[in-house]
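What you see below is based on every heavy atom in this structure, not just the backbone, and it leaves out hydrogens, waters and symmetry mates. Position 1 is the first residue of the sequence; numbering continues from there.
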Amino acid sequence: RGNVAPPPAPPPAAAATAAPGFSAAPPPPPPPTDPERRKFIDTTAMFVAKNGPAFEIMAKERQKDDAKFDFLFGGGYANYYTWRLGESRREMAEGTGAAAAWAAWQAPEQAMARPRPLDAEDRARMLGETPLPSTGGTPAGSGPGAQGNDHNVRPLSTAPPPGPATTMHH
């Protein structure tokens with residue numbers, strides 16, 4: 001009787017509830033205590049989830065000197081941002097949760113469709129920038145017949161494709 005092995009220890013609670021071979025998801029990192037900061041990080045994560053990694057790269061390039069975006073560079077709340085980004089991607093893929101609802105509200109006609117790649121006008125609008133006028137050879141509003149109107153300014157998304165203009169003669 002002295003040589004009997006003790007009974008095996010019970011499994012940890014998390015492992016007991018998880019599927020075999022998988023561990024339970026860790027709890028989310030603590031969110032910012034300031035509601036405006038949390039909303040800003042959540043919204044940034046949803047934009048990146050919706051528009052893809054190129055949006056995050058562009059935001060990092062443009063906002064590298066703005067302390068408000070320090071979470072993109074490993075600063076305060078970087079772990080929360082990473083977690084929120086993963087949750088937002090999952091929610092959009094499943095069509096559930098706050099991120100999917102937000103995406104539907106942002107573009108109701110594209111709620112469940114894969115978004116098109118961002119163009120320069122989309123990126124400028126998301127960053128609160130004003131699109132540049134066209135570069136038709138004369139500054140906007142200064143060409144013949146301009147007289148204070150903006151006929152020389154056109155949205156970036158309607159610019160003709162690069163290359164020589166072709167005309168059809170019938």
Side-chain angles (χ1 to χ4, degrees), residues 6-135 153-162:
T17 59
F22 295 96
S23 62
T33 54
D34 175 21
E36 289 300 314
R37 180 78 172 141
R38 181 178 183 168
K39 181 179 179 183
F40 183 78
I41 293 173
D42 289 352
T43 301
T44 302
M46 288 188 276
F47 266 110
V48 172
K50 181 176 185 256
N51 297 303
F55 181 81
E56 184 179 58
I57 291 167
M58 184 225 14
K60 283 180 173 180
E61 289 171 359
R62 301 235 178 162
Q63 307 303 337
K64 64 183 174 233
D65 297 324
D66 188 342
K68 194 164 64 170
F69 288 88
D70 67 344
F71 59 89
L72 292 176
F73 303 96
Y77 299 107
N79 290 339
Y80 176 77
Y81 166 73
T82 301
W83 172 81
R84 173 45 57 205
L85 177 57
E87 287 295 297
S88 295
R89 286 177 172 151
R90 182 188 57 75
E91 290 171 358
M92 286 188 192
E94 295 173 359
T96 61
W102 175 85
W105 176 77
Q106 290 290 313
E109 71 281 357
Q110 297 178 358
M112 299 309 291
R114 179 176 170 89
R116 63 177 171 73
L118 294 175
D119 63 17
E121 188 174 87
D122 292 330
R123 290 188 294 269
R125 187 173 44 254
M126 285 182 215
L127 293 172
E129 297 174 347
T130 304
L132 296 172
S134 67
T135 56
V153 178
R154 65 175 180 241
L156 295 174
S157 62
T158 61

Reported CE-to-CD distance for the pair Met58 and Gln63, which is rounded to 0.5 angstrom: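 Going from the CE atom of Met58 to the CD atom of Gln63 covers 8.5 Å.
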message: Taking side-chain hydrogen bond (donor to acceptor under 3.5 Å, both in side chains) as the cut-off, I'd like each qualifying pair that reaches into residues 27-37, sequence neighbours left out, listed once.
response: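 Checked against side-chain hydrogen bond (donor to acceptor under 3.5 Å, both in side chains) - neighbours excluded - the pairs reaching residues 27-37 are Arg37-Asp70.
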message: Tell me which pairs pass side-chain hydrogen bond (donor to acceptor under 3.5 Å, both in side chains) where either residue lies in residues 38-49, with sequence neighbours left out.
response: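 Every pair satisfying side-chain hydrogen bond (donor to acceptor under 3.5 Å, both in side chains) with a residue in residues 38-49: Arg38-Tyr80, Asp42-Tyr80.
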query: Less than 6.0 Å separating the ring centroids of Phe73 and Tyr81?
result: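 No - the distance between ring centres of Phe73 and Tyr81 does not fall below the 6.0 Å cut-off.
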message: Before we go on, tell me: are the rings of Tyr77 and Phe71 under 6.0 Å apart, centre to centre?
response: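 Distance test on ring centres: not under 6.0 Å, no.
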Do you know which two heavy atoms are closest between [X] and [Y], and how far apart they sit?
{"X": "Ala45", "Y": "Leu85", "value": "O-CD1, 3.4 Å"}
{"X": "Arg89", "Y": "Val48", "value": "NH2-CG1, 4.1 Å"}
{"X": "Trp83", "Y": "Pro28", "value": "CE2-CB, 3.2 Å"}

query: Would you call Glu94 and Arg90 a side-chain contact if the rule is heavy atoms closer than 4.5 Å?
result: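 Yes. Closest side-chain heavy atoms under 4.5 Å.
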